[in-house]
Structure formats: C-alpha cells, structure tokens
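Order of the sequence lines fixes the chain letters, A, B, ..., with proteins taken first and strands second; residue numbering starts at 1 for each chain. Just so you know, these numbers use all the heavy atoms, side chains as well, and skip hydrogens, waters and symmetry mates.
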Amino acid sequence: MTVKTRFAPSPTGFLHIGGVRTALFSWLYARHHGGQFVLRIEDTDRERSTQAAVNAILEGLDWLRLDHDEGPYYQTRRFDRYAEMADRLLREGKAYRCYCTREELEARRAAQVARGENPRYDGRCRDRAGPVPGMEPVLRFRTPTDGVTVVDDLVRGRVEFQNSELDDLILMRSDGTPTFHFGVVVDDGEMGITHVIRGDDHLNNTPRQMHMIRALGYPLPAYGHLPMILGSDGAKLSKRHGAVNVLEYRDEGFLPDAMLNYLVRLGWAHGDQEIFSREEMIRLFDINGVNASASRFDGEKLKWLNQQYLKSSPPDSLAGAFEWQLRRAGLDPGAGPAPAAVIEAYRERVATLRELAESAAYLYREPLQADDAAIRKHLTPAIGPPLALLATRLGSLASWTRTGIHDAMTAVAADAGIGFGKLGQPVRVAVTGGTVSPPIDVTLELLGRDKALQRLGRAVSLTGSGAVA
RNA sequence: GCUCCCUUCGUCUAGCGGUUAGGACGCGGCCCUCUCAAGGCUGAAACGCGGGUUCGAUUCCCGCAGGGAGCGCCA
C-alpha cells in the first residue's frame with residue numbers, strides 16, 4: 001500500500017504556524033514513505049471562506065516548498081458528489097432527515113448542560129414518520145448507540161470512546177450544502193487517503209468520522225493526531241505572541257528551511273540533533289517518534305536556527321531574498337556592493353535577513369545617516385589628524401583590499417601613537433555612522449574606495465568643527 | 001458540567017526498570033577581540049503530587065492536581 005496523506009486547511013484566514021507544522025508532518029510522512037501528498041481546500045463554509053485566504057495558503061506552502069502531488073482540490077466543486085453519497089446513506093437508512101430547529105436544539109443543549117450531561121443531539125428525529133411541511137430538514141448520520149469505538153492513534157496509542165457518548169452529526173445542512181465532517185469523510189475515502197495526520201483538536205471527532213467511513217464503505221485510514229503549538233506563555237498561540245502567520249516570518253527575513261527545521265523539532269526529535277536539512281528530515285522522520293504533549297513556540301530558538309542557516313548557506317543562494325529585503329526597506333540593491341559580499345560579512349552578526357538589510361543599510365544609502373552620540377564620542381578633535389592621514393594613505397593604495405586597508409590603518413595608528421582600536425572606532429563611525437559593523441578593514445573594502453574616502457573626508461571636517469564636544 | 005488528551009531544566013527535547021538524568025535555545029562567567037557578533041571553555045537550572053507493581057522506578061499501573069482540546073446547520 002502506498003502512503004497517501006493530505007493537508008486540508010479551511011481558507012478562513014492566513015496560514016497559521018500551527019497549520020504549517022501539521023502540513024509539514026503530513027508532508028514528511030508522505031515523503032519519507034515515498035507516498036503522495038494531497039492538498040485539499042475545505043471551503044464548505046461559504047460564509048467565511050475567501051479567495052485571499054486560499055492564496056495565502058498557497059503562497060505559504062510554496063514559500064516553504066511543501067509541494068503536493070495532487071490538488072488543490074476544492075470541496076465547493078464537489079458538492080454534487082457529497083449529495084450523491086448523502087442520498088445513498090438516506091436510502092440505506094444510515095442517515096435520516098431531522099426537522100429540529102436551531103432554537104429547539106439550543107434549548108435542549110442548555111438543559112443538558114444544566115443537568116450535567118454532555119450536550120448532544122438526542123436523536124428524536126431518528127424514527128420520524130414524515131416531513132414537516134414548509135421546513136427544509138438537515139440530514140443526520142445514524143451513529144451506533146452502543147458499543148465502543150477504538151482509535152489506534154499513531155501518536156497517542158489506543159484511545160477508546162463509548163458510542164453512547166457520540167451523537168448524530170449533521171451531514172447536509174438544510175440549504176443542501178455538506179458539513180465539514182461529511183466532506184472530510186467522503187473526500188478522504190474517495191481520494192484514497194491512507195493516513196490522516198491532523199491537529200489533536202480533531203481527536204474527539206475521529207470516532208464519529210470512523211462510523212461514517214464504514215457506512216460509506218471506504219477503508220479506514222490510520223490516524224495520527226498531533227499536539228498543539230502554544231504561545232510562549234502556554235496559552236493558545238495568538239497574535240499577542242508575535243507573528244502567527246507564516247508569511248510574516250518570510251517578511252521578517254526568516255529562511256524557509258530554518259522555519260521547517262524549527263517546526264519539526266516541536267514534538268519530534270532524533271536524538272540530540274538540532275539541525276536537519278530537508279533531506280535529513282525526510283529520511284529520519286517518522287510519526288512514531290512524535291510526542292503527544294503540546295509544545296510552546298520559542299521565537300528565540302527560531303532566530304538562533306535561522307542564523308545557523310544564514311551562516312551555512314552559500315551566500316549566493318541568499319542574494320535574492322536579501323535584495324528583496326533591501327527593497328522592502330526602501331533601498332536600491334544596485335547602489336551598494338554585491339549582495340553575496342555583504343551576506344558574507346554580516347551573516348554571523350545578524351539573525352535574520354531583515355536585520356541584515358537594516359545593519360547594512362549604510363552601504364546602500366546616501367547621504368550617510370549618522371548617530372549623533374557616536375559622533376560626539378568618537379570624532380574628537382584629537383582624531384582629526386590621524387583620520388586625515390589615513391584618508392591620504394588609503395587614497396594612494398594600489399588596490400582596494402582588506403589587507404591593504406588593514407596595513408595602512410596599522411601604520412597610521414603607529415604613527416599617531418595610538419592602538420588600532422583607538423583608530424578603528426572613529427573610522428567605523430565615520431563610514432557607517434554607527435559603532436557596530438564587521439571588522440573595519442572588511443567594512444571599508446565593502447564600502448568601496450570612493451565612498452570610504454568621501455565619508456572619511458567629511459568626518460575629518462566634523463572633528464575640526466564645533467560639532468564635537 | 002460531560003467526554004477525550006497531555007505532564008523531564010524557564011523553553012524545545014533525549015531517556016524507553018539500575019544514568020553523576022544527556023543535548024539545544026535562553027541566562028551567568030571566562031577566553032578570543034578594532035566594535036558587534038560568531039566561536040571555544042564553563043556555571044546555574046528538571047523527572048507535578050500520592051499510592052501501588054518491583055530487589056530497584058523519571059521510566060509500568062491507579063488516583064489526584066494542573067494544563068489543553070472537543071461538546072454548532074464552524075472547520
């Protein structure tokens with residue numbers, strides 16, 4: 001049997017970080033077993049489904065390169081199929097029409113809760129003789145009333161449910177559209193899904209869906225219910241924990257592989273290993289190793305991982321995303337050094353590509369934006385002459401390389417009778433406008449001779465002016 | 001309220017009857033150093049509680065407590 005899994009989001013919002021983890025595990029399971037991965041959009045709720053949400057899901061999966069072999073299927077395009085199956089169940093007596101109104105249902109639920117019972121449909125239309133004139137009924141599934149249903153969950157093990165605790169789910173709404181439960185079951189059956197890997201918020205739905213699958217005559221898939229991802233405070237992951245939309249992570253300058261690597265380690269491990277390439281994830285992942293307990297999302301560790309990826313990726317492979325970040329920051333990538341060189345110099349001092357773009361902005365922006373406090377502190381009158389001397393020496397350098405620059409600086413520092421650092425920081429402030437950058441020789445090399453000399457010259461005039469305290 | 005699930009450092013986790021309970025993020029210290037990082041070394045930090053089972057429980061079983069999910073003509 002070839003494995004076939006699916007990711008079945010409902011397009012009612014952006015692609016959530018928890019949804020991505022579910023998609024990842026499902027995708028990994030399929031890839032690990034050489035199977036198929038299906039994407040299915042569960043848009044049966046027409047009120048809340050939007051095209052924008054569909055696009056966000058597609059864009060997110062595409063960014064992460066979680067590719068599917070089939071789909072995307074849209075449930076709204078399969079309505080006639082659900083209707084057929086519904087008719088069949090009705091004819092076979094496995095489903096029945098229910099004429100209870102929402103108000104009646106609600107009142108009964110309230111009464112049940114008041115009595116300390118598990119609120120559920122009481123089955124009163126099960127044996128109703130005829131229709132109620134002028135009313136469109138819903139179609140309900142006739143769930144077995146006794147016995148036990150066992151879910152052999154791939155991550156939780158054996159879970160038992162008393163059928164008496166289950167009620168009769170609605171299959172078709174009074175407007176003739178299918179409900180989520182029915183769509184899922186028909187689709188999983190018809191698409192030949194062998195392993196249903198989803199969030200554990202569905203564990204309670206599983207026994208009911210199993211009954212429906214049997215009634216429909218489909219083979220039962222295996223189930224694996226993944227634990228939730230919580231916010232850093234243990235509460236349900238939401239906006240106030242920071243970004244929950246994957247695309248925000250892209251915008252923040254995270255790398256898709258780092259994202260996946262972080263997510264795969266939430267609930268799964270392979271010994272002490274922290275870094276997994278895509279290939280390793282696929283080779284090593286198995287659902288048996290997945291934890292049953294919920295985990296918290298830790299943005300700090302994600303950043304650390306992202307930097308690990310930044311440091312180990314070929315700079316050229318990061319160039320496109322870096323340039324994209326520059327443009328987002330309103331900078332022109334063509335106005336500065338080659339992206340790969342900047343990445344090379346900065347990747348161990350930033351955690352994200354966005355931070356990189358911010359840190360390296362001085363390379364692309366003209367005129368320089370300088371920090372006043374840094375100028376006051378480092379561009380003192382005393383440093384004026386050495387700076388001027390350095391400018392002269394650099395101006396006559398045969399070739400603009402970091403070693404040549406470094407030698408010139410060493411010589412000027414010696415002439416001035418100061419340590420390298422006493423010269424380095426003022427130069428850094430002069431050319432970057434701040435106190436933080438890669439090694440100063442590398443920084444100057446990156447900037448290029450023209451800009452470096454021009455900024456040095458301006459700094460010299462600053463040291464001689466009243467601008468300095 | 002009812003049903004179901006979960007419980008190892010602050011966090012992510014390793015562990016699958018006998019370990020000085022390991023690693024990683026974060027945090028502290030030291031080293032390196034022109035700044036910031038990165039890196040190296042190092043330190044503090046955990047088996048929720050109570051019963052069993054067993055020669056022996058972090059590990060198996062049962063309670064309790066705490067946390068979570070579900071209980072819609074939402075998905």
Side-chain angles (χ1 to χ4, degrees), chain A residues 8-12 42-45 47-49 98 100-102 105-106 109 112-121 136-140 151 153 155-156 159-162 165-167 169-181 183-184 199-207 225 227-228 230 232 234-236 262 265-275 291-305 307 311 346-351 359 374 378 406 409-410 413 419-429 432 434-441 443:
Chain A
S10 65
T12 53
E42 310 223 318
D43 52 357
T44 51
D45 183 353
E47 302 275 296
R48 300 196 296 166
S49 299
C98 168
C100 297
T101 66
R102 294 170 208 248
L105 260 16
E106 213 164 297
R109 266 195 292 272
Q112 286 166 327
V113 170
R115 272 181 267 129
E117 291 169 21
N118 195 354
R120 57 188 201 271
Y121 180 66
E136 285 302 326
V138 299
L139 189 72
R140 280 189 190 270
V151 179
D153 196 88
V155 344
R156 324 239 152 198
V159 183
E160 285 187 16
F161 294 86
Q162 296 296 322
E165 292 290 338
L166 277 23
D167 61 354
L169 248 25
I170 292 178
L171 266 21
M172 299 294 278
R173 303 187 180 98
S174 50
D175 65 1
T177 61
T179 60
F180 152 79
H181 288 285
V184 166
D200 73 0
D201 46 338
H202 289 298
L203 184 53
N204 286 296
N205 294 328
T206 304
H225 287 94
M228 299 198 66
L230 308 172
S232 52
K236 192 173 176 188
Y262 177 71
R265 286 285 287 100
L266 248 35
W268 177 82
H270 182 259
D272 287 339
Q273 189 171 344
E274 295 286 351
I275 311 283
N291 278 144
S293 53
S295 45
R296 303 184 186 204
F297 189 87
D298 179 7
E300 288 303 312
K301 188 154 184 181
L302 205 212
K303 285 176 89 166
W304 172 78
L305 255 177
Q307 187 177 39
K311 288 198 301 175
Y346 268 97
R347 56 183 180 173
E348 60 189 33
R349 13 185 74 77
V350 294
S359 299
H378 295 283
H406 192 88
M409 287 187 66
T410 304
F420 191 95
K422 288 277 185 267
L423 177 64
Q425 267 313 72
V427 172
R428 179 169 280 115
V429 172
T432 72
T435 57
V436 175
S437 84
I440 191 62
D441 47 358
T443 301

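- At the heavy-atom level, A/H202 lies under 4.0 Å from base atoms of the strands shown.
- Applying the 4.0 Å criterion to OP1 and OP2 of B/A14, one finds that A/N291 has a side-chain N or O inside that range.
- Residue contacts for A/F297: at a heavy-atom cut-off of 4.0 Å it reaches no nucleic acid atom on any strand shown.
- With a cut-off of 3.5 Å on both Watson-Crick or G-U wobble distances, the partner of B/A65 is given as B/U7.
- Within the 4.0 angstrom heavy-atom criterion, no nucleotide atom of any strand lies near A/P9.
- For A/S359 and B/C36, the shortest distance from a side-chain N or O to OP1 or OP2 is not below 4.0 Å.
- Residue A/Q112 places no side-chain atom within donor-acceptor reach of the base of B/G1, judged by atom type and a 3.5 Å distance cut-off alone.
- Residue A/E300 holds its CD atom at 10.0 Å from OG of A/S232, rounded to the nearest 0.5 Å.
- Distance, A/R296 CZ to B/G66 C1': 12 Å, rounded to whole Å.
- Nearest-nucleotide mapping onto RNA chain B: of A/P137 and A/D272, the residue sitting toward the 5' end is A/D272.
- Note: CG (A/L230) to P (B/C6) measures 15 Å, nearest angstrom.
- Applying the 6.0 Å contact sphere to NE2 of A/H202 captures more than 12 heavy atoms from other residues, nucleotides or ligands.
- For A/K311, a side-chain nitrogen or oxygen approaches OP1 or OP2 of B/G39 to under 4.0 Å.
- Among the atoms of the strands shown, only primed sugar atoms or phosphate atoms (P, OP1, OP2) are found under 4.0 Å from some heavy atom of A/S295.
- In this structure, the side chains of A/T179 and A/M172 stay at 4.5 Å or more apart for every pair of heavy atoms.
- Using a 4.0 Å heavy-atom cutoff across all strands shown, A/H181 reaches at least one base atom of the nucleic acid.
- Looking at heavy-atom distances under 4.0 Å, A/V113 makes no contact with the nucleic acid at all.
- Annotation: B/C60 and B/G39 have their P atoms spaced 37 Å apart (nearest Å).
- Rounded to whole Å, atom C1' of B/C12 lies 7 Å from atom CG of A/D298.
- Listed pair A/T44 / B/A75 meets the phosphate criterion, a side-chain N or O lying under 4.0 Å from OP1 or OP2.
- A/R109 has no side-chain polar atom (N or O) that falls below the 4.0 Å cut-off from OP1 or OP2 of B/C71.
- As a whole-Å value, the separation of A/L169 CG from B/G70 C1' is 12 Å.
- Between A/F420 and A/H406, the ring-plane angle classifies as parallel under the 30° and 60° cut-offs.
- Looking at heavy-atom distances under 4.0 Å, A/I440 makes contact with a base.
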